[in-house]
Structure formats: structure tokens, C-alpha cells
Amino acid sequence: MPPPPITTTGPNKPLHARLLRSGALFDDPSAAAPLAASAANSSLPYAISLLQAHPTTFSYNTTIRSLAHGPRPHLAVALYRSMLLNPLSNPNNYTYPPLLAACARLLPAHPPREAAAGTAVHASLFRRGLESRDRFISASMLSFYAAAGDLPAAREVFDRSPPNQRDLALWNSLLHAYLSQGLYTHVLRLFRQMVATDEVTLLAVVSACSHLGALDTGRWAHAYHARTCRNTTRNLGTALLNMYMRCGDVESAWSVFHEMLDKDVRTWSVMIAGLAVNGLPRDALKLFAEMKNIGVDPDSITMTAVLSACSHAGMVDEGKMFLHCMPIEYHLQPTIEHYGCVVDLLGRAGQLEEALALIETVPFKADVALWGALLVACRAHKNVDMGQMAAMEILKLDPHHAGACVFLSNAYAAAGKWDLVQEVRSSMKEHRIYKPPGSSIVELDGVVYEFLSGDHSHPQSDRIYAMLDEVCKTLSLKGHRPSTKEVAFDIDEEDKEVCISQHSEKLALALGLISTRRGAVIRIVKNLRICEDCHSVMKIVSEVYDRVIVVRDRNRFHHFKNGSCSCLDYW
DNA sequence: CTAGGGTTAG
């Protein structure tokens, strides 16, 4: 055995010195392993010199693990490669989980390359016959493929793992894989097949309910947790709070919030953001003041929620004030998202020139979101010239941006520039640029139904369209005329009316009316922003049919009750 | 021989 390295740069010199003095480093070479592992992230050359002196599988494994969780995970992969070259060490089942975790952490920076690295690691462990011998390897492979966005591969790892390895962690990995890919109904379906569950399971389920706006299922998950668990951790509490807020149930959110004894800045931020989008922006700002009073420091996310509250309340001056005092009062540098909130705030309030001026002074390169906020404001306030400019800027950054293409096409159409309209549209066709189709989901008796515009797939489709007809008749008696001005492109007026009368949220509403009684709450979640016509229809229906209608659109909630909306028509 | 996998807002 070579002598232990003498070094003057080791970070754990006292320990090293003690091991040298006692002779432990000579008698027991494995003493080098924890030393190398603890040094790996602060003094890699020192760790490597220890490894060179004691190149055991164990010392490589612990050092790889340490690097995998450190600030430069690619070093874990590099060390693995040098391990392969070292005849005294042989990768085993302890080598791969941290290695795969390191590959997963590298993915955001170089997706294709690191995905290939992870697949190579998979091949390597397969050659060693370790593929289905260890449940930890299965779980980390599953997580790696999930992080790489390769859900079929992740699912295959699960399906191929021997049943005795399908423990709770493996199920949870799969659950979170579906969650990360936005397959929320799959999360719920999978959950129903699970026998054992824990907090991590519930986190995925509750988060899926938040995205779906599936309040009944979310409430059920809450009750299930209350029944099976003694206490609620801060994470799960915050997830439940978020779920109630994202389902538009502000009261339940408050009650979870009050029950939580150990709130952290996330808990407060979720609450503030939830109030902001549920038509209670002033309560959001009050809560922000309370949070500061009890000594919780806001973070960047909190400030986004605060700016969103200002935006929904139309509080332009307060919003600008918060943005400008962030560095001084909260020691937070505004990010491009914060500037985006203020562009949105100014834009909604119709101060388009100032919004544009802000974009031009932002200390970052303006991104699609920033110009997008301005574009939406230009559309709402009918400033075609500035809107065209914003759309051009967006297309410079993202030539396939559907919203910008549609805006330009409509602007050219309105100006009678048909050749330009044709140009935009054929380019859209050529590049297969579509606006995502509008879809709405409504949960009735714990079952989630999804509708697309003009959808006939529901088994009760005939009744739904009959109901829709009845609603239309009632509305015209009330003097409602369809407002078609937001419809894209220049299809003729009658087609426009048919088109908007079958918007997905109207179909969801019709099913809700069929399935509930007077006084009930109908909750609809829409993937895009609600259009003006649907908004006024919802208002009238809430009064005539005596229902509370809660619509979550892409940006906020609309609580319709007795003929008016919580947004006070400012959205 | 030692050690290891699942979760954390928009």
C-alpha cells in the first residue's frame, strides 16, 4: 500500500492529521473514504490524492456520491470514468444511484448530451447484471428518465422491476414522473392503484389536483391524509393550501393556513398569490404586511405574488413602488419576471407608453414574456401600432410564437392588407404554428370531464347542446348579444357566433347546469384566458340559473355570483 | 464489511 498523501491544502487537516498520527490511514485504508468524500466538493485534488492512495470501490462510491450532490455534478461522472480505468475498483450497486442522480441534475444545461450519458450509464450497469437486482438502482433510473422527459422509458423501468422491488419510493418516483410531465389525471389514476402511501405520495396527488382544479378529489385527498396521518408537515400543508387556492376555494385555504403552526415564506407566498388571483388582491397586500410584521423575509416569489396583487387591483403606483424598493427594503434584485409583472400592471391599466418605456429600460435583454405582456395589453386597449411592434419583437425571439402571428394577421386583416395576411397565415401553416385549442375541465361528483371547443365526445352530448340552446335563448331574452370581436381571423360573423357559442367553457357550464341544482357551485378550469363573451354569459347565468360559477383561467379566477364577477370586469 | 432511491410554489 502506498503511503498516504501528505498535503497542505486539505480542508479537513485536523482529521487528516489525527488519522496520520494514530496510524489509522495506514492500518485501515477505508478511513480514507469518508475523508475523500467530505473533501470532494471543497478540495478535489486532495480528494483525488486520497483516492489514488486508496482506490477502493467504497472510497470511489462515497466520493462520487458527494460530488453528485455538490455544486458541480459533472465531476461525479468524470470520477466514475476514472474509476472504470482503475483495476482496483469495480462499480457495484452503490455506484449507480448517485451517478444517475448526477446525470439527471446535469440535464437542464445540456439535455441531449446528458441524456445520452445517462443512457450509457444504464447500459453500463445492465452489462454488469445490476439492472433489476437493486431497488435503489430502479428508482434512480426511473427518476433519471423522468428528468430527461422520457416517460415511456421511466414507465418501462417500473414495469420491468421485479414486484418485490416496487416499494413505496418506486411508486412515488413514477407518480412524480407523471406529475412533472403534466399528466395529472394519470397521477390520480396511478394513486388509486397504490396500496401504501405516505406524505410524498400525497404531495403528488394534491399537486395534481391543484393543476386540474379538481376540488372534490383534493378535498378527498385532504381527508384521506387527515385519517391516515397524525400531523401535517409544512410542505404538505403548503401544497394543500395551494390546492384550495388553485381550486378557487379561498375559505378552505384560510382554514388550512390558520391551522398551520410552522409557516415559512413559501406558505405565506402561496397564500398571498392565491388571494391576488381570487379577486381579493387587497387582502393579499394586507397579508403581506402581516408577514413582514411577524418577521418573515419575503423572497423573490413573494414579490411576484405582491406585484400580481397590485396588478389585479389596478394599483399602479403601489406596484411601481414595490418594484423600486425591492433592493433597498428587501435586499432582492428584481428579476425579469418582476419587470414582467409591472409591464402587465401598466398594460392592464392602459398605460401602454409607460409599459413600453419600462421594457426599454429593463437591465436585461427583453424576453418573449415581457413583450408578450405588452402585446396582450395592446390587444386589450386596441393599440394596433404598438401591438404590431411588440409582435415583431416577439417573432425575432421566437419565430413560431402563435399569439404574435395571430395578432399580426388580425391587425393586417383589419387594415385590409390581405397580401400580408396571406403571408402570415401561409407561414403559420408551413411551420405548423397553432394556438393551443381551448379546453375546459369541470369536476362533477368527483369525476373530471374535459371539453374542447365544439366537442361532441361526452356521452350526454345531446343534452349538453340542448342545454346550451336553452341558455342562448334565455340570454337573448336578457338582451345579451354575442361579442365576437376577440375571435381570431376573418371568418364571417355567423360562423363566429357559432364558434364562440361552443367555447369549451360554455360546454362545461352546460354540463354543470344539467348536473347540479340551484344554489350549487360549478367549478371550471380553462387552459386559456376567458373571452369577453363567455365572461358576460357566465355573469348572466349565475343570476338566472342561481349558481355560483368559479372559472379558473390561465391568469386568475372569476367568481360569478348573482350576476357579477369578483374581477369587477377588470382582467 | 461500511453506503444508496422518492417530495419542495409560478
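Numbered from 1 within each chain, the chains take letters A, B, ... in sequence-line order.
- Using a 4.0 Å heavy-atom distance criterion, A:Arg246 is classed as a sugar-phosphate-only contact.
- A donor-acceptor contact under 3.5 Å is not formed by the side chain of A:Asn61 with the base of B:dG4.
- Rounded to an integer number of Å, the gap from A:Asp367 CG to B:dG10 C1' is 15 Å.
- Residue contacts for A:Leu100: at a heavy-atom cut-off of 4.0 Å it reaches no nucleic acid atom on any strand shown.
- The separation between A:Met303 atom CE and B:dA9 atom P is 20 Å, rounded to whole Å.
- The stacking criteria are not both satisfied for A:Phe136 over the base of B:dG5, which would need a centre-to-centre distance under 5.5 angstrom and an angle between ring planes under 30 degrees.
- When the side-chain nitrogen and oxygen atoms of A:Arg135 are compared with OP1 and OP2 of B:dG5, none of them lie within a distance under 4.0 Å.
- When distances are taken from the side chain of A:Leu203 to each of B:dA9, B:dG4, B:dT7, the shortest belongs to B:dT7.
- Rounded to an integer number of Å, the gap from A:His211 NE2 to B:dT7 C1' is 13 Å.
- Nucleotide B:dT8 holds its P atom 9 Å from the CG atom of A:Asn235, rounded to whole Å.
- If you check every strand for non-hydrogen atoms under 4.0 Å, A:Asn555 touches nothing.
- Between the side chains of A:Tyr224 and A:Thr197, at least one donor-acceptor pair of N or O atoms lies under 3.5 Å.
- Within 4.0 Å (heavy atoms only), A:Leu170 reaches at least one base atom of the nucleic acid.
- At a threshold of 4.0 angstrom between heavy atoms, the contacts of A:Ser143 are confined to the sugar-phosphate backbone, with no base atom among them.
- Among B:dA3, B:dG10, B:dT7, the nucleotide with an atom closest to any side-chain atom of A:Asn92 is B:dA3.
- Shown are A:Val187, A:Thr185, A:Val525; of these, the side-chain contact (heavy atoms from CB on, under 4.5 Å) with A:Leu212 is made only by A:Thr185.
- A donor-acceptor contact closer than 3.5 angstrom links the side chains of A:Thr95 and A:Asn92.
- Whole-Å rounding puts the A:Leu179 CG to B:dT8 C1' distance at 12 Å.
- Between A:Arg65 and B:dG5, a side-chain N or O to OP1/OP2 separation shorter than 4.0 Å is present.
- Atom CG in A:Leu142 sits about 15 Å away from atom P in B:dG5, given to the nearest Å.
- In this structure, A:Asn242 reaches the B:dG10 phosphate: one of its side-chain N or O atoms is under 4.0 Å from OP1 or OP2.
- Atom OH of A:Tyr60 and atom C1' of B:dG4 are 19 Å apart (whole Å).
- When each of A:Asp344, A:Leu307, A:Val362 is checked for a side-chain contact (heavy atoms from CB on, under 4.5 Å) with A:Tyr339, only A:Val362 meets the rule.
- Following rounding to the nearest Å, A:His225 (NE2) and B:dT7 (P) show an atom-to-atom distance of 18 Å.
- Residue side chain A:Asp167 reaches the base of B:dG5 through a donor-acceptor N/O pair under 3.5 Å, judged by distance alone.
- Closest approach to the A:His176 side chain among B:dT8, B:dG10, B:dG5 is made by B:dT8 (side chain taken as heavy atoms from C-beta onward).
- Taking the six-membered ring for Trp and thresholds of 30 and 60 degrees, A:Tyr184 and A:His211 have nearly parallel ring planes, at less than 30 degrees apart.
- In terms of the salt bridge (Lys or Arg N to Asp or Glu O under 4.0 Å) criterion, residue partners of A:Glu505 (sequence neighbours excluded) are, by chain and number, A:Lys526.
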